[in-house]
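Here the structure comes first, spelled out in structure tokens, and everything after it is commentary.
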Amino acid sequence: MEDTFNINNYIGDGFKKVCNVILDPEEDQFWLYSDIDESIMFDTHSSWLYNIVVDDEIVKHGETGQPLGIRVASGQPWSSTKCRLGRYRRQQGKHDTDATIRQALYEEVKAGRVSIWARRCQVITIPVLIGGVIHETVYEIHKDLEKRYLRDMLEKGGRLPRLNKAHS
């Protein structure tokens, strides 16, 4: 594996392991999470980078402007579009990215080789002049930072992580 895709090379940037991914025993096309770091998974912060990792290889690099998970009674994140890892658990549709990724990783998840890592991104409040009045405006860097990581992976590794379709 190319060093560019080794998650261990990004721990110094602030990436931390959120959880392992397992198959739902009742409906094995869906995911459950185990060994959850609840301080990350259920943090209400809404600017994150995340990596889906097989063994130590980053296979999907992404960003979200939502919490990673919203806690429900089961201890799993809510299966909802309101939290990123909740969407990965059960979201499905004909051309849905989440379902496509679950299908692509089925054998690796079944073998217990998949984990999710995340980096909390800084949120900056800046003054912006709107209609002659200064307003405090929140700037979240996750989208720009995701593009920078993908560009770096492409330049150094010659490709994107295998489950990333494109970047701009």
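Computed from a predicted model, the values in this text were never measured in an experiment.
Hydrophobic clustering places Ile130 together with Ile126 (ILVMFWY residues linked when any side-chain heavy atoms are closer than 4.5 Å, directly or through intermediates). One hydrophobic cluster, built from ILVMFWY side chains closer than 4.5 Å, cannot hold both Leu85 and Ile7; they sit in different ones. Ile11 and Leu145 fall within a single hydrophobic cluster, where Ile, Leu, Val, Met, Phe, Trp and Tyr are joined by side-chain heavy atoms under 4.5 Å apart, directly or via other members. By the criterion of side-chain heavy atoms lying less than 4.5 angstrom apart, applied directly or through intervening Ile, Leu, Val, Met, Phe, Trp or Tyr residues, Trp31 is grouped together with Tyr106 in one hydrophobic cluster. Leu150 and Ile101 end up in different hydrophobic clusters when Ile, Leu, Val, Met, Phe, Trp and Tyr side chains are linked at under 4.5 Å.
In this view, Ser115 and Trp117 satisfy the side chain to side chain donor-acceptor pair (under 3.5 Å) rule, not counting sequence neighbours. Under the ring-ring contact (aromatic ring centres under 6.0 Å, His included) criterion, Tyr33 pairs with no residue, sequence neighbours left out. By the side-chain contact (heavy atoms from CB on, under 4.5 Å) test, Glu27 is found to be paired with Gln29, Phe30, Arg90, residues two or more places apart in sequence or in another chain being considered. Shown here are the salt bridge (charged side-chain N to carboxylate O under 4.0 Å, His left out) partners of Lys156, two or more places apart in sequence or in another chain: Asp152. With sequence neighbours left out, Asp3 forms a side-chain contact (heavy atoms from CB on, under 4.5 Å) with Asn9. A search for side-chain contact (heavy atoms from CB on, under 4.5 Å) contacts involving Ser74 returns Val72, Gln76, not counting sequence neighbours. For Lys16, the side-chain contact (heavy atoms from CB on, under 4.5 Å) test picks out Ile40, with sequence neighbours left out. Residues passing the ring-ring contact (aromatic ring centres under 6.0 Å, His included) test with Tyr50 are Tyr88, sequence neighbours excluded.
Nearest heavy-atom pair across Gln122 and Ser47 is O-OG, 4.3 Å. Shown here for Cys83 and Ile70, the closest heavy-atom pair between the two residues is SG-N, 3.6 Å. In this structure, Trp48 and Pro67 approach most closely via the heavy-atom pair NE1-CA, 4.2 Å. For the residue pair Glu108 and Ala104, the shortest heavy atom distance occurs at OE1-O, 3.5 Å.
Atoms NE2 and CD, on His45 and Gln66 in that order, are 13.0 Å from each other to the nearest 0.5 Å. Annotation: the span from Arg87 atom CZ to Thr97 atom OG1 amounts to 8.0 Å, rounded to 0.5 Å. Taking NZ of Lys17 as the start and CD1 of Ile36 as the end, the distance is 11.5 Å to the nearest 0.5 Å. Atoms CZ and CG, on Arg148 and Leu49 in that order, are 13.0 Å from each other to the nearest 0.5 Å. Note that the CD atom of Glu146 and the CD1 atom of Ile141 stand 12.0 Å from one another [nearest 0.5 Å].
When the shell of 6.0 Å around CD of Glu26 is examined, it contains 12 or fewer heavy atoms from other residues, nucleotides or ligands.
Although no hydrogens or angles enter the test, the distance criterion places no donor-acceptor pair under 3.5 Å between the side chain of Asp13 and the main chain of Phe15. A donor-acceptor contact shorter than 3.5 Å is absent between the side chain of Arg84 and the backbone of Leu68. In terms of modelled atom types and a separation under 3.5 Å, the side chain of Arg89 and the main chain of Pro77 share a donor-acceptor contact. Between the side chain of Asn51 and the backbone N or O of Val53 there is no donor-acceptor pair closer than 3.5 Å.
Relative to the ring axis of Phe5, Arg162 does not place its NZ or CZ within 45° and under 6.0 Å from the centre.
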### Task
Walk me through it: do Met153 and Ile58 pass the test side-chain contact (heavy atoms from CB on, under 4.5 Å)?
CA-CA 10 Å; Met153 290 174 178; Ile58 297 166; 3.9 Å; yes
### Message
Under the criterion side-chain contact (heavy atoms from CB on, under 4.5 Å), I'd like the reasoning laid out for Ile52 against Leu105: C-alpha separation, chi angles, the key distance, then a yes or no.
### Response
CA-CA 10 Å; Ile52 300 176; Leu105 294 175; 3.7 Å; yes
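Between Asp28 and Lys110, every side-chain heavy-atom pair lies at or beyond the 4.5 Å cut-off.
Note on residues 131-143: pairs passing salt bridge (charged side-chain N to carboxylate O under 4.0 Å, His left out), not counting sequence neighbours, are Glu63-Lys143. Pairs of residues two or more places apart, or lying in two chains, that qualify as salt bridge (charged side-chain N to carboxylate O under 4.0 Å, His left out) and include a residue from residues 34-55 are Glu38-Arg71, Asp43-Arg120, Asp55-Arg113. Sequence neighbours left out, not one pair with a member in residues 121-134 passes salt bridge (charged side-chain N to carboxylate O under 4.0 Å, His left out). Screening residues 58-87 for ring-ring contact (aromatic ring centres under 6.0 Å, His included), with sequence neighbours left out, gives His61-Tyr149.
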